[in-house]
Amino acid sequence: MPSDTKTLLDLNNLSVRIGRQVILNDVSLKIRSGECVAIVGGSGAGKSTLLRCLMGLTRPAVPFSGLLAFDGQEMDFSSLERQQKPKRIAYVPQNPDQGFDPLKRLRWQWQQAFRVITGRMNISQVQEPLLEELGLKPFGACFPYEWSRGMQQRLLLAMALMGKPRLLILDEPTSALDPLIAAQVLRAVKKYAEMHNVAVLIVTHDLSLAARYADRTTIMNTGRVVEFGETSHLLSAPQSDYGQLLVNHRDWITKDLGQLSSSIAAE
Ligand SMILES: Nc1ncnc2c1ncn2[C@@H]1O[C@H](COP(=O)(O)OP(=O)(O)OP(=O)(O)O)[C@@H](O)[C@H]1O
């Protein structure tokens with residue numbers, strides 16, 4: 001947990017619907033400067049809808065209540081017209097395939113991202129250390145397919161960081177990667193976030209990932225937040241039925257794998 005514990009993002013009572021279905025129901029969330037928060041929940045819990053709302057991209061959902069304060073900016077979800085989207089929130093999609101044009105060289109895509117994000121035309125050498133910091137090699141004349149998925153994911157991360165965000169949102173950061181590459185990407189995020197006091201919001205189905213990286217965790221089920229607290233506390237003593245179910249399931253997987261590896265070792 002970082003020493004600066006000021007609240008960076010404060011979302012209160014967000015409710016949205018799609019058609020007649022209420023997708024998010026009175027959702028509140030707080031993120032402090034520099035901390036890592038995980039949102040865990042099953043499919044259809046409303047995680048992606050929540051992320052989009054935080055970035056001011058609500059459609060197809062229609063918000064009908066909620067207030068967001070982020071880094072000195074405010075957004076009232078009950079009257080979104082004429083309101084600006086929050087600035088200095090960056091987003092990394094779950095799959096590198098969603099982030100790159102396969103037919104354009106990486107250098108070109110990096111330069112385009114720079115122009116769009118910074119509004120400047122001349123890419124400066126200032127950005128090169130960011131690539132180094134994330135353990136990336138020079139682009140050469142490579143196309144996306146010539147880089148591993150882990151490297152592509154780290155490049156997406158570098159692009160997201162160009163605008164010096166105060167909050168970095170990672171949507172299912174490990175689902176498209178093998179476990180070793182996923183750990184490499186998350187270590188790079190953690191290191192960068194700690195050095196630059198960037199808060200990180202990770203959306204995941206994986207409670208073990210939350211246990212490893214998140215200071216605090218929120219558990220969502222059917223559009224509601226059912227628990228929010230320190231990750232270690234929440235995992236050792238979940239209060240909600242759904243939280244208990246998730247934690248028990250996680251133990252079941254761990255024990256099962258443990259038994260499997262000991263029986264393999266005994267053979
Ligand atoms: N375009 C849409 N039209 C109608 N319903 C939608 C649409 N997008 C999402 N929904 C509904 O909103 C609910 C929440 O979806 P959302 O994608 O936010 O959940 P999620 O927790 O991110 O799920 P997953 O983990 O599977 O990505 C689901 O019931 C889904 O069916």
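Whatever order the structure lists ligands and atoms in, that order sets their numbers, starting from 1.
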Heavy-atom donor-acceptor pair, K47 side chain to M220 backbone, under 3.5 Å:
no
Any N or O of S48 closer than 3.5 Å to N or O of ligand 1:
yes
How does P60 reach ligand 1, by side chain, by backbone, by both or by neither, if only non-hydrogen atoms under 4.0 Å count?
side chain
Does some non-hydrogen atom of the protein lie less than 4.0 angstrom from atom 30 (C) of ligand 1?
no
Would a distance-only check, ignoring hydrogens and angles, find a side-chain to backbone donor-acceptor pair under 3.5 Å from Q73 to K87?
yes
Could you establish whether G41 and ligand 1 come within less than 4.0 Å of each other, counting only heavy atoms on the residue side?
no
Heavy-atom closest contact (Q153 atom, V92 atom, distance)
NE2-CG1, 4.3 Å
Report the part of H205 in contact with ligand 1, treating N, CA, C, O as backbone and CB onward as side chain, heavy atoms under 4.0 Å; options are side chain, backbone, both, neither.
side chain
Run the numbers for me: atoms of ligand 1, each under 4.0 Å from some heavy atom of K47, listed by number.
18 (O), 19 (O), 20 (P), 21 (O), 22 (O), 23 (O), 24 (P), 25 (O)
Is there a chain of hydrophobic side chains (I, L, V, M, F, W, Y, each step under 4.5 Å between heavy atoms) that links L57 to L54?
yes
Protein heavy-atom partner closest to atom 26 (O) of ligand 1 - residue, atom, separation in Å
S43 OG, 3.2 Å
If we count only N and O atoms by modelled type, under 3.5 Å, do the side chains of R115 and Q112 hold a donor and an acceptor together?
yes
Specify the protein heavy atom at minimum distance from atom 19 (O) of ligand 1: its residue, its atom name, and the distance to 0.1 Å.
G46 N, 3.2 Å
If you scan protein heavy atoms around atom 16 (P) of ligand 1, the nearest is T49 OG1, 3.7 Å
Is there a chain of hydrophobic side chains (I, L, V, M, F, W, Y, each step under 4.5 Å between heavy atoms) that links M55 to I23?
yes
Under 4.0 Å from one or more heavy atoms of G42, ligand 1 contributes atoms 21 (O)
Test item: Q109 side-chain N/O and K104 main-chain N/O as donor-acceptor pair under 3.5 Å
yes
Can you label the angle between the W110 ring and the F139 ring as parallel, tilted or perpendicular, going by 30° and 60°?
tilted
among protein heavy atoms, the one nearest atom 11 (C) of ligand 1 is I23 CD1, 3.8 Å
Measuring from non-hydrogen atoms of G223 to any atom of ligand 1, is the shortest distance under 4.0 Å?
no
State yes or no: do V62 and L24 share one hydrophobic cluster built from I, L, V, M, F, W and Y residues joined by side-chain heavy-atom distances below 4.5 Å, directly or via other members?
no
Quick one: do W108 and V116 end up in the same hydrophobic cluster if we chain Ile, Leu, Val, Met, Phe, Trp and Tyr together by side-chain heavy atoms under 4.5 Å apart?
no
With nothing but distance in play, are any N or O atoms of A45 less than 3.5 Å from an N or O of ligand 1?
yes
Suppose we measure from atom 23 (O) of ligand 1 to each protein heavy atom; which comes out shortest, and what is that distance?
G44 N, 2.9 Å
For atom 3 (N) of ligand 1, what is the nearest protein heavy atom, given as residue, atom name and distance?
I18 CG2, 3.9 Å
